[in-house]
Amino acid sequence: MKKESIVPFFAALEAANPTPRTELEYTSVFELLAAVLLSAQATDVGVNKATRKLFALAGSPQAILDLGLEGLEGHIRTIGLYKDKARHLLQTCRILVEQHAGVVPRTREALQALPGVGRKTANVVLNVAFGQPTMAVDTHIFRVSNRTGLAPGKNPLAVEIQLLERVPPAYAVDAHHWLILLGRYVCQARKPRCWKCVVAPWCDFGSKTPAP
DNA sequence: ATCCCGAGGG
DNA sequence: CCCTCTGGAT
């Protein structure tokens with residue numbers, strides 16, 4: 001993608017969706033952290049289905065701890081990778097209670113020190129909860145960045161660095177959500193719907209898919 | 001590089 | 001059946 005295409009690219013995304021937001025359901029920063037941790041290799045729809053009941057019963061680190069491993073597994077069993085996620089979330093809650101007074105930390109270092117929280121999850125929390133211009137490169141953002149040519153890096157970290165360099169400051173906070181939603185509903189992995197894509201004029205993707 | 005792992009879609 | 005879904009730990 002040409003350098004001069006980047007501003008119109010994001011201007012088009014902004015025009016189509018002026019105030020993008022995550023589709024994960026949460027009512028506190030802790031619930032956001034838990035929901036993002038659970039969302040690895042899973043759909044938001046599936047995570048929300050489980051967390052709606054879970055958070056109604058246990059919406060704080062101590063309340064999750066009180067569920068115990070078996071109890072927590074019971075609530076998230078319908079989500080993929082649930083054994084690892086239950087164990088990691090419990091350990092994370094234990095650290096939050098014992099080392100952070102039950103409050104989600106605001107630094108990348110402290111976030112990534114939590115079990116089950118890697119670079120991508122930390123970036124999402126920093127962006128969504130604390131308004132920082134991070135680029136959380138998940139499966140959607142990686143694919144969209146490569147296809148469009150916005151950031152052609154060969155691995156998630158390379159793409160993240162390119163996005164941080166190339167996305168204009170005015171778009172840096174919302175870019176995360178625009179790219180995610182574009183990947184989820186338009187630039188899909190199997191069958192991209194190029195005919196309904198608002199950034200198609202600036203996209204490098206060859207042989208754009210026609211309308212059905 | 002490999003494992004984890006259920007639900008939904010094609 | 002196979003692929004995909006807001007990855008992280010080993």
Side-chain angles (χ1 to χ4, degrees), chain A residues 13 17 20-26 29-54 69-70 72-95 104 108-148 150-151 153-160 163-164 167 172-193 209 212:
Chain A
L13 290 172
N17 188 359
R21 87 171 188 79
T22 179
E23 293 184 338
L24 289 171
E25 297 171 7
Y26 64 97
V29 176
F30 169 71
E31 288 186 2
L32 172 68
L33 170 64
V36 177
L37 188 157
L38 293 173
S39 72
Q41 298 293 279
T43 61
D44 280 5
V45 172
V47 172
N48 289 335
K49 188 184 300 184
T51 57
R52 199 160 66 183
K53 292 181 181 177
L54 173 65
L69 184 58
E70 304 285 329
L72 180 54
E73 283 185 350
H75 283 281
I76 67 173
R77 195 168 291 143
T78 55
I79 304 176
L81 316 178
Y82 73 93
K83 289 184 179 177
D84 280 350
K85 290 174 182 176
R87 185 162 35 84
H88 291 154
L89 181 53
L90 273 186
Q91 292 174 3
T92 282
C93 288
R94 190 167 295 118
I95 293 173
V104 176
R108 170 187 304 287
E109 293 72 25
L111 285 168
Q112 289 190 208
L114 301 170
V117 180
R119 187 176 185 87
K120 179 261 171 182
T121 298
N123 278 332
V124 174
V125 173
L126 289 170
N127 179 289
V128 176
F130 304 132
Q132 297 189 26
T134 58
M135 299 293 165
V137 181
D138 54 51
T139 180
H140 291 305
I141 293 188
F142 184 75
R143 181 181 64 254
V144 169
S145 296
N146 272 218
R147 277 184 182 165
T148 58
L150 176 65
K154 297 191 193 315
N155 59 70
L157 183 57
V159 168
E160 178 182 338
L163 289 174
L164 290 172
V167 178
V173 174
D174 288 336
H176 167 70
H177 290 119
W178 283 323
L179 296 176
I180 274 265
L181 295 171
L182 186 65
R184 181 176 299 162
Y185 296 114
V186 181
C187 193
Q188 296 169 328
R190 298 271 194 118
K191 292 185 175 182
R193 302 175 178 180
T209 56

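Here is the naming used below: chain letters follow the sequence lines, and residue numbers restart at 1 for every chain.
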Check the distance between C/dG7's C1' and A/Ile79's CD1 and give it to me in whole angstrom.
14 Å
N-O pairing of A/Glu73 and A/Lys85 below 4.0 Å:
no
By nearest-nucleotide position on DNA chain B, the 5'-leaning member of A/Lys191 and A/Thr78 is A/Thr78
Can you check the A/Arg193 CZ to B/dG10 P distance for me, whole Å?
8 Å
Any side-chain to backbone donor/acceptor pair from A/Gln188 onto A/Arg184? Under 3.5 Å, distance only.
yes
Relative to the 5' end of DNA chain C, which residue comes earlier, A/Gln112 or A/Glu23, by the nucleotide with the nearest heavy atom?
A/Glu23
Can you tell me if A/Asn48 uses its side chain to pair, donor with acceptor, with the backbone of A/Glu25 under 3.5 Å?
yes
Could you state the CD1-P distance from A/Ile76 to C/dG7, rounded to the nearest angstrom?
15 Å
Under 4.0 Å, counting only non-hydrogen atoms across every strand here, what does A/Arg77 touch: a base, just sugar-phosphate, or nothing?
sugar-phosphate
Between B/dA7 and C/dG8 - P atom distance, rounded Å
22 Å
Hey, does A/Gly116 reach any base, or is it just sugar-phosphate, or nothing, if we go heavy atoms under 4.0 Å?
sugar-phosphate
As a test of reading the structure: which of B/dG9, C/dG8, C/dC5 is closest to the side chain of A/Arg190, going by heavy atoms?
B/dG9
Quick one: label A/Thr121 by what it contacts on the DNA or RNA (base, sugar-phosphate, nothing), any heavy atom closer than 4.0 Å.
sugar-phosphate
Treating A/Asn127 as the side-chain partner and A/Ala136 as the backbone partner, does any N or O pair qualify as donor plus acceptor under 3.5 Å?
no
Assign A/Lys49 to base, sugar-phosphate, or nothing according to its heavy-atom contacts below 4.0 angstrom with the strands shown.
sugar-phosphate
Gap between atoms CG and C1', on A/Leu38 and C/dG8 respectively (whole Å):
13 Å
What is the distance from NE2 of A/His75 to P of B/dA7, rounded to the nearest Å?
16 Å
Given B/dC5, C/dG8, C/dC5, the nucleotide with the shortest approach to the side chain of A/Gln41:
C/dC5
Please classify the nucleic acid contact of A/Arg87 as base, sugar-phosphate, or nothing, using heavy-atom distances under 4.0 Å.
nothing
Between B/dC5, C/dT4, C/dG8, which nucleotide has the shortest distance from any of its atoms to the side chain of A/Ala189?
C/dT4
Name the one of A/Thr121, A/Val124, A/Val104 that satisfies side chain to side chain contact (heavy atoms under 4.5 Å, CB included) with A/Leu111?
A/Val104
Rounded distance [0.5 Å steps], CD1 in A/Ile79 versus CG in A/Leu38
5.0 Å
Atom CG of A/Leu157 and atom P of C/dG7: how far apart are they, to the nearest Å?
16 Å
Report yes if at least one side-chain N or O of A/Arg143 is closer than 4.0 Å to OP1 or OP2 of C/dC5; otherwise report no.
yes
So which one's nearest nucleotide on DNA chain C is more toward 5', A/Gly183 or A/His88?
A/Gly183
When the distance from CG of A/Leu90 to C1' of C/dA9 is rounded to whole Å, what number comes out?
17 Å
Roughly how many Å is it from NZ in A/Lys120 to C1' in C/dC5, rounded to a whole number?
10 Å
